[in-house]
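Encoded as structure tokens, the structure appears first; notes follow it.
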Amino acid sequence: MEIGMLKGIGPKTEKLFVNAGIITTNDLMSYYPFRYDIIKRSNINDLIQDDKIVIDGVVEGNPNIFFFNKKMNKMTFRFNIGSHLLNVTIFNRAFLKAKINVGSILTLIGKYDKLHNTIVASDIRFGKLPSIPVIEPIYHSISGISSNQIKNIINSVDDFDVIEYIPDYLKDKYKLIDKKSAVTNVHNPSNLNLLKQGQNYLKYEELFLFMLKMNSLKLNKKNKIGLKRNVDRDVLDKFINNLPFSLTIDQLNCINKIFYDLNSENRMNRLIQGDVGSGKTIVAVIALYINYLSGYQGALMAPTEVLAYQHLSNLRKLFKDYDINIEVLTGSLKQKDKKDIYKRLEKHEIDIIIGTHALFSDDVIYSNLGLVITDEQHRFGVNQRSNLKNKGITPDILYLSATPIPRTYALTIYGDMDVSSIKTMPNGRKEIITVLKKNSEIKDALLLMYEEIKLKHQIYVIAPLIEESDKISLENVNELEEKMTRAFGKICKIGVMHGKMDKNEKDKVMEEFKNGEITILISTTVIEVGVDVKNATMIVIFDAYRFGLSQLHQLRGRVGRNDIQSYCVLISDKEVERLDIMTKTTDGFKISEEDFKLRGSGDLFGVRQSGDMNFRIADFKNDFNILVRAKEDALDLLTKGNINNYPKLVKLLNDSVNLD
């Protein structure tokens, strides 16, 4: 059934869902919560500074509203919970003032500021708390549709269809419930046991199907014939020797493997994983040069337009003495310019094209595309392979990943690829000094920031982030902006970037930061991976415990992008032992090892960081044990079992794997 037929969904809401790829009720029921909250009354006597609080009580005084500007406001009022009289602060809820009166019974969810006897609320609900704990699903919001709206719409679905992919013998082996019950349990769990049963089924199914595709690709890899190349190694070495810097041993090893791949009979499907700032981009540039020497066109797909133009500038500098035509193709180009690019690509007047997913739209026709290089955030997937195959093109593929993971895990997760790693760092880079401070030591952090500001350096400040859609994220940004303005507003410009801003606003702020107009940038979003602001020498991350170690390492990589000493300040009163690892090493591979060890099966009600696979419910780190079993089961079915006995699985593989 199409989603527009559901009660309460009008044309506008239907369009928002369709834009997000949710067209039918089955699509909607596959849109799983990314985490859960247990809503139960907190015992205020057990809470410490900045703990989460869920409490009900009675409003003691009429609210006061303070406006900062047209878009920002703060509401305060007194709140009686029986044992305590508290102050309440909540941002950007002025529209609720008329409903909050003396005597109103409310439930508040937020952060407990014990020192100031205040609740910094992220959510206000009218009425008392339920008598028993409630497991509340939290969904990633869709542009214009909140988590609560999604939850209510899903709860209104009376019936839906499912496809049972898991063979019965595997369901019996792991004592899995049926899929329909599993889907119901993850959306509307009445207790933790039913929720766990539902998650076990859906995680195993997702990972089993993923490993079935990966192993099928690997088994079929031997039959993939590569493009014919015969590049003179001396010509390549001359280019490398003329670079304005020396390559590291690991970079040279990766180049040797790529050189072999591109000159062999088999198609290349290689992943280069390297730490932040390890020099993956120059390896990609050299791969494009090898491809150019063979007479083929090359495409470099970047995750954002900002990075695409950054790559364009860098490649033109590196190839300024060579007769190589390099252009950029992005969605924001004028139609006239796009058509010009299309014509030149078809006539092979362009040797290297850089861009976003626009590189593989239906309008683009290549003369003889030989190599596609892409970032892990936009892995070169089924749709792109299908588009190119329909055009008669089967290029070599190279992926770049800035998320180092242990080799054992990499070989499992990227089962269809050859994996190479860059661990050594380029000469001249100073190790980023990382310090861990408690909230009570905030003055130390501010003094460190002041020293960098005096040197005319720039600083990132990251607000605690659960998920962009969470109301608490934006409120934390408001708080931080207030604090930073009090501390530094008279000596430098402070900028803010968060998920509620539109793309043009974000781009404007980021451009001002890159140009040095903004000194301190406060953000709720993960700062754009790869954006190179060399003058940024410090990153301060509040409530650092909310992030995984690998995510913190990625954030830390936004600084230290030159030969100036850079710093990372982690601020947290919780999980200090785990976070202390960040102060002892800047090796992304070691950090990822620790991340895998520490996180184990994960915290069901904590922050869920889905990996770069974009799974709907599984997480290859937290669910690695399930992934290993799924890999073994998939491989057994492909090699020892009779896959043809399972027509649904055969169709799935034909639709997604055999496109190369």
Side-chain angles (χ1 to χ4, degrees), residues 68-69 71-72 74 91-92 120 276 306 430 432-465 468 472-501 504-544 546-547 551-552 554-562 564-572 582:
F68 302 113
N69 53 45
K71 293 184 178 180
M72 293 169 57
K74 179 171 74 172
F91 292 92
N92 297 331
V120 181
V276 177
V306 171
K430 288 187 172 71
I432 300 167
I433 295 173
T434 303
V435 295
L436 178 58
K437 298 288 182 183
K438 294 181 179 178
N439 281 295
S440 59
E441 300 172 305
I442 188 67
K443 286 184 180 178
D444 294 344
L446 294 175
L447 285 171
L448 289 170
M449 293 174 69
Y450 181 59
E451 292 301 317
E452 293 305 298
I453 292 169
K454 283 198 298 184
L455 293 169
K456 300 194 181 302
H457 295 161
Q458 291 166 275
I459 301 168
Y460 296 105
V461 173
I462 305 300
L465 171 65
E468 247 182 57
I472 194 169
S473 298
L474 184 53
E475 285 146 13
N476 284 331
V477 163
N478 292 337
E479 286 183 71
L480 281 178
E481 185 182 20
E482 217 177 315
K483 289 174 182 175
M484 293 298 153
T485 301
R486 283 202 302 268
F488 305 116
K490 292 181 180 178
I491 61 172
C492 67
K493 184 175 179 180
I494 296 165
V496 171
M497 190 164 71
H498 56 73
K500 303 295 181 185
M501 295 164 64
N504 291 335
E505 288 177 310
K506 288 180 186 176
D507 288 346
K508 182 176 183 293
V509 171
M510 202 65 215
E511 197 61 33
E512 287 181 359
F513 187 66
K514 286 175 70 179
N515 293 338
E517 299 167 46
I518 291 173
T519 300
I520 298 174
L521 177 60
I522 304 169
S523 176
T524 59
T525 57
V526 176
I527 300 299
E528 197 67 72
V529 173
V531 168
D532 202 358
V533 182
K534 295 194 185 317
N535 193 46
T537 58
M538 178 176 282
I539 184 164
V540 182
I541 304 170
F542 282 80
D543 284 358
R546 293 186 184 273
F547 301 87
Q551 192 177 11
L552 288 171
Q554 286 293 315
L555 287 169
R556 178 167 61 181
R558 296 312 96 221
V559 298
R561 305 186 76 82
N562 52 28
I564 305 172
Q565 182 61 62
S566 294
Y567 304 88
C568 173
V569 182
L570 306 176
I571 299 176
S572 180
M582 296 291 296

Calculate, to the nearest 0.5 Å, the distance between atoms CE and CZ belonging to Met582 and Phe547 respectively.
11.0 Å

Report yes if the side chains of Asn92 and Met72 come closer than 4.5 Å at any heavy-atom pair, otherwise no.
yes

Taking C-beta and beyond as the side chain, do Val435 and Leu448 meet within less than 4.5 Å on heavy atoms?
yes

Heavy-atom distance under 4.5 Å between the side chains of Thr519 and Phe488, does that happen here?
no

With a 4.5 Å limit on heavy-atom distance, are the side chains of Tyr567 and Val559 in contact?
no

Rounding to 0.5 Å, atoms CG (Leu552) and CG (Leu570) come to a distance of 6.0 Å

Does some side-chain heavy atom of His457 sit less than 4.5 Å from a side-chain heavy atom of Met538?
no

Minimum heavy-atom distance between Ile518 and Gly495, given as atom pair plus value
CG2-N, 3.5 Å

Contact summary for Ile433 and Gln565, nearest pair of heavy atoms
CG1-NE2, 3.4 Å

Could you report the tightest heavy-atom contact between Ser572 and Ala544, atom names first, then the distance?
CB-N, 3.9 Å

What I want to find out is whether Glu451 reaches Lys454 closely enough, with some N-O distance under 4.0 Å, to be called a salt bridge.
yes

Is there a donor-acceptor pair closer than 3.5 Å between any side-chain N or O of Arg556 and the backbone N or O of Thr434?
no

Between atom CD1 of Ile541 and atom CD of Gln551, what is the distance when rounded to the nearest 0.5 Å?
9.0 Å

Using 30° and 60° as the class limits, which term best fits the ring planes of Phe513 and Tyr460: parallel, tilted or perpendicular?
tilted

In terms of heavy-atom contacts, Ser566 and Ala536 come closest through OG-O, 4.2 Å

Between Cys568 and Ile432 the two heavy atoms that sit nearest each other are N-CG2, 3.9 Å

Closest heavy-atom contact between Ile453 and Cys492?
CD1-SG, 4.2 Å

Please identify which of these residues, Lys456, Glu452, Gln458, meets the side chain to side chain donor-acceptor pair (under 3.5 Å) condition with Asn535.
Gln458

Would one find more than 12 heavy atoms of other residues, nucleotides or ligands at under 6.0 Å from atom CZ of Phe68?
yes

Under a 4.5 Å cut-off applied to non-hydrogen side-chain atoms, are Phe542 and Ile442 in contact?
yes

Could you tell me whether the side chain of Leu521 reaches within less than 4.5 Å of the side chain of Met497, counting heavy atoms only?
yes

Rounded to the nearest 0.5 Å, what separates atom CD in Glu441 from atom CG in Leu446?
12.0 Å

Passing candidate, side chain to side chain contact (heavy atoms under 4.5 Å, CB included) with Val496, options Glu481, Met484, Glu505
Glu481

Output the distance between atom CD1 (Ile494) and atom CG (Leu480), rounded to the nearest 0.5 Å.
10.5 Å

